[in-house]
Amino acid sequence: MQVTLNQISLLLCLLSCASSFGARYTPDWTSLDARPLPEWYDEVKFGIFVHWGVFSVPSFGSEWFWWNWQGAHSPDYVQFMIKNYPPGFSYADFAPDFHAQFFDPDKWAEIFAASGAKYVVLTTKHHEGFTNWGSPYSWNWNSVDNGPHRDLVGDLGNAIRKRSLHYGLYNSLYEWFNPVYLSDKEAGFKTQDYVAKKAMPELIELVNRYKPDLIWSDGDWEAPDTYWNSTQFLAWLYNDSPVKDVVVTNDRWGKGCYCKHGGYFNCADKFTPGQLPNHKWEKCQSVDTRSWGYRRNMKLTELMDLPSIIKDLVYTVALGGNYLLNVGPTADGVIAPVFEERLRGIGAWLKINGEAIYATKPWRVQAENATVLAWYTSKNTSTVYAIFTSNPMQNTFQLSMPKTSDSTVVTLLGNPEPLKWAPLKTTGLIILLPDLPFSPAKAWTLKLDGVA
């Protein structure tokens with residue numbers, strides 16, 4: 001039976017109109033974009049992204065393995081299959097080997113907490129369509145009926161929340177080879193059978209079952225938001241869902257929406273603005289610069305080292321963004337030691353310097369070419385942090401932007417002793433540095449109290 005736009009809209013309207021108390025959001029972007037972003041999101045600053053699915057079994061190239069093999073027919077992927085698998089082997093044949101036999105959600109949660117991250121976002125379903133929970137809308141193509149035979153979304157969520165971390169769920173709206181979606185696509189997205197039978201029921205179930213603090217939508221770009229019924233869903237989410245007061249969403253809700261509509265903005269993957277944006281944003285980045293999913297063929301030179309990660313984090317926070325750093329676990333459920341080492345290294349740096357990251361705001365100046373490049377963050381009205389990601393190799397440090405007073409106090413985070421300083425002629429100051437402690441991240445923070 002063909003499902004019409006009016007029928008889908010009526011269903012979501014009934015859901016969103018179930019309650020008549022409090023401020024109501026209507027299913028249009030003017031209303032939805034006016035919703036204040038829940039405060040927790042801007043305060044936490046740093047999160048972990050986890051790409052995990054059937055693509056973790058071939059673990060070759062990237063998480064787009066299926067598309068690159070049988071959609072784009074990329075020669076590298078075609079040859080990989082010819083050399084390593086028998087004729088007739090299908091992508092679905094990888095699923096039984098998605099064992100996750102070493103998956104220990106409490107261990108994962110401990111690693112993520114040790115990284116200093118305050119939220120975690122797991123792929124519940126990537127573009128391959130395989131769901132990491134027992135979705136009733138994905139028969140036998142889910143982690144309960146196939147592969148691990150367990151609820152990965154629920155198990156990780158329980159462990160994450162025991163660590164008092166926020167739990168977010170990534171969900172791809174489209175599925176590369178879903179025949180119902182492809183039928184809608186063939187019809188120019190004038191039919192919405194896939195949205196009615198798969199995409200929306202599944203997304204609503206995710207919210208009701210797991211009550212996520214964040215929904216990271218993706219896979220939206222082929223069709224407009226009117227096809228996906230995004231505004232109706234968001235109106236229900238913000239008005240009547242069990243997470244209506246705390247949930248945060250991104251901006252991938254239909255072709256042309258990103259960097260324009262939604263909660264915070266992701267814009268493009270690895271988005272790097274050249275100046276302070278006027279809207280809350282997030283940079284998603286991956287330790288493996290070539291892939292979001294685990295790759296057996298990754299090389300050390302293709303991985304971000306700790307100083308690069310910290311520099312990226314500092315840049316992002318100074319420009320008002322959140323930093324979502326991705327790791328791809330193996331099909332066995334292991335976070336590779338090299339990824340764990342990076343995450344624990346971030347946590348060690350944040351134990352000393354986190355005061356300059358968490359719950360900060362962009363300062364009136366985001367950076368200056370001081371003795372070396374310094375990035376600024378701020379708290380309250382008179383506390384400013386200057387983070388520098390290279391060693392000045394001298395015992396003085398000059399900053400020209402802060403306006404000092406007789407009550408100004410300067411310290412190096414990790415060292416409680418006030419540092420000697422002197423004002424410059426009109427604005428700024430010169431600081432006498434102590435010997436800088438060893439930092440594997442190659443980054444240090446000056447705290448300036450009592451400056452404007």
Side-chain angles (χ1 to χ4, degrees), residues 3-18 24-38 41 121 123-127 129 131 135 137 168-175 178 180-181 184-185 187-208 210 212-244 246-269 279-282 284:
V3 181
T4 68
L5 171 62
N6 288 338
Q7 288 172 313
I8 302 168
S9 298
L10 177 62
L11 171 64
L12 286 166
C13 182
L14 289 171
L15 287 168
S16 67
C17 296
R24 307 291 296 175
Y25 296 97
T26 53
D28 58 84
W29 288 120
T30 300
S31 176
L32 298 169
D33 289 346
R35 177 182 182 256
L37 196 70
Y41 181 76
V121 179
T123 50
T124 63
K125 182 191 74 169
H126 200 255
H127 313 321
T131 67
S135 168
Y137 307 98
L169 302 180
Y170 166 106
N171 175 75
S172 174
L173 291 173
Y174 91 147
E175 298 173 14
N178 186 300
V180 184
Y181 173 74
D184 284 350
K185 183 177 178 179
F189 298 115
K190 292 181 173 63
T191 59
Q192 295 176 296
D193 291 349
Y194 171 77
V195 175
K197 298 174 182 177
K198 183 73 160 67
M200 277 301 125
E202 209 159 59
L203 193 49
I204 290 167
E205 193 204 32
L206 271 176
V207 173
N208 286 327
Y210 300 110
D213 297 322
L214 186 153
I215 295 177
W216 213 101
S217 183
D218 196 21
D220 62 316
W221 53 81
E222 288 191 345
D225 63 276
T226 50
Y227 168 75
W228 297 116
N229 275 3
S230 296
T231 56
Q232 288 90 342
F233 168 74
L234 291 171
W236 167 76
L237 185 72
Y238 295 164
N239 288 326
D240 300 299
S241 78
V243 291
K244 62 185 176 66
V246 299
V247 71
V248 173
T249 64
N250 67 342
D251 57 354
R252 299 185 181 184
W253 296 104
K255 185 177 182 179
C257 281
Y258 87 72
C259 240
K260 185 177 180 182
H261 294 303
Y264 66 87
F265 293 168
N266 284 123
C267 302
D269 287 352
H279 190 94
K280 182 63 187 182
W281 63 285
E282 176 188 73
C284 57

Asks: Any donor-acceptor pair under 3.5 Å linking the side-chain atoms of Asp28 with those of Thr26?
Replies: yes
Asks: Quick one: pull up CG in Leu173 and CG in Leu203 and give me the separation to the nearest 0.5 Å.
Replies: 7.0 Å
Asks: What distance separates Lys198 NZ from Thr131 OG1, expressed to the nearest 0.5 Å?
Replies: 6.5 Å
Asks: Check the orientation of Tyr264 and Tyr41. Use parallel for under 30°, tilted for 30 to 60°, and perpendicular for over 60°.
Replies: parallel
Asks: Working to the nearest 0.5 Å, report the span between CG of Leu32 and OH of Tyr25.
Replies: 9.0 Å
Asks: If we count only N and O atoms by modelled type, under 3.5 Å, do the side chains of Asn250 and Ser217 hold a donor and an acceptor together?
Replies: no
Asks: Give me the ring orientation class for Phe265 and His279: parallel if the planes are under 30° apart, tilted from 30 to 60°, perpendicular past 60°.
Replies: parallel
Asks: Will you find, in the side chains of Thr249 and Tyr238, an N or O donor that is under 3.5 Å from an N or O acceptor?
Replies: yes
Asks: Can you give me the closest heavy-atom contact between Gly219 and Ser172, atom names plus distance?
Replies: CA-OG, 3.9 Å
Asks: Is a donor on one side and an acceptor on the other found under 3.5 Å between the side chain of Asp213 and the backbone of Gly168?
Replies: no
Asks: If we count only N and O atoms by modelled type, under 3.5 Å, do the side chains of Tyr170 and Asp218 hold a donor and an acceptor together?
Replies: yes
Asks: To the nearest 0.5 angstrom, please state how far the OG atom of Ser230 sits from the CG atom of Asp220.
Replies: 7.5 Å
Asks: Give the intermediate values and the outcome of side chain to side chain contact (heavy atoms under 4.5 Å, CB included) for residues Val207 and Val243.
Replies: CA-CA 8 Å; Val207 173; Val243 291; 3.9 Å; yes
Asks: What do the steps show when you test Ser241 against Trp236 for side chain to side chain contact (heavy atoms under 4.5 Å, CB included), and what is the final call?
Replies: CA-CA 6 Å; Ser241 78; Trp236 167 76; 3.8 Å; yes
Asks: Restricting to non-hydrogen atoms, name the atom on Asp193 and the atom on Asp184 that form the minimum distance, rounded to 0.1 Å.
Replies: N-OD2, 3.1 Å
Asks: Which label fits His127 and Tyr174: parallel for a plane angle under 30°, tilted from 30 to 60°, or perpendicular past 60°?
Replies: perpendicular
Asks: With a 3.5 Å cut-off and no angle check, do the side chains of Glu282 and Trp216 form a donor-acceptor pair?
Replies: yes
Asks: Testing Lys255, Lys185, Arg252 for salt bridge (charged side-chain N to carboxylate O under 4.0 Å, His left out) with Glu222, which one passes?
Replies: Lys185
